[in-house]
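Heads up, the thing below is written out as structure tokens.
Owing to the predicted nature of the structure, the values given are computational and were not obtained by experimental measurement. The figures that follow rest on heavy atoms only: side chains count, while hydrogens, waters and symmetry mates do not.
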Amino acid sequence: MCDLQTTLSLMTRHGRVSLHQMDDGRWWCTVQMHVAAAGASFKVGSDLLPNMLEAADQCLDRIHAMLGDFAARAEWEQHTSRRVVLPPDADAAGAKGLSHD
């Protein structure tokens, strides 16, 4: 766990950070993520937590988890897009496959 300033600084690399205190004293952190695709946007946010550092840390953890999921999915798609798919009724000796490139 970093200090609050470091955590907020790390999150600004990924988007626009907002840290809110609710009327009951709990904190909520969100990041409007930078997205390169036109018309696309998404937010990552924390739960309502007792202090601002916990909310910021949870939000940063969720950003890292989401980026890890995207990286894993991209690697999987790259790996599977190059395989050759044979039609179910093709015989192995002379069938031509369909490529997903």
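One hydrophobic cluster, built from ILVMFWY side chains closer than 4.5 Å, cannot hold both L49 and L60; they sit in different ones.
With rounding to the nearest 0.5 Å, the separation of CZ in R13 from CD1 in I63 is 11.5 Å. Atom CG of residue D57 and atom CD of residue E54 lie 8.0 Å apart, to the nearest 0.5 angstrom. Taking CG of L4 as the start and CG of L53 as the end, the distance is 6.0 Å to the nearest 0.5 Å. The CZ atom of R62 sits 3.5 Å away from the CD atom of Q58 when rounded to the nearest 0.5 Å. If you take CG on D47 and SG on C29, they are separated by 11.5 Å, rounding to the nearest 0.5 Å.
You'll find the side chain of T30 stays beyond 4.5 Å of the side chain of C59, heavy atoms only. With a 4.5 Å cut-off on side-chain heavy atoms, M22 and L48 count as touching. Counting heavy atoms from C-beta outward, M33 and V44 have side chains that approach closer than 4.5 Å.
Between the side chain of T6 and the main chain of C2, no donor-acceptor pair closer than 3.5 Å is present.
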When you look at H14 and H64, which way does the side-chain contact (heavy atoms from CB on, under 4.5 Å) test go after all the steps?
CA-CA 10 Å; H14 302 291; H64 289 159; 4.3 Å; yes
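D24 meets the salt bridge (Lys or Arg N to Asp or Glu O under 4.0 Å) test with R26; sequence neighbours excluded. Taking D61 as the reference, nothing meets the salt bridge (Lys or Arg N to Asp or Glu O under 4.0 Å) condition, with sequence neighbours excluded.
Applying the ring pair (Phe, Tyr, Trp, His ring centres under 6.0 Å) rule to pairs touching residues 24-44 yields H20-W28, sequence neighbours excluded.
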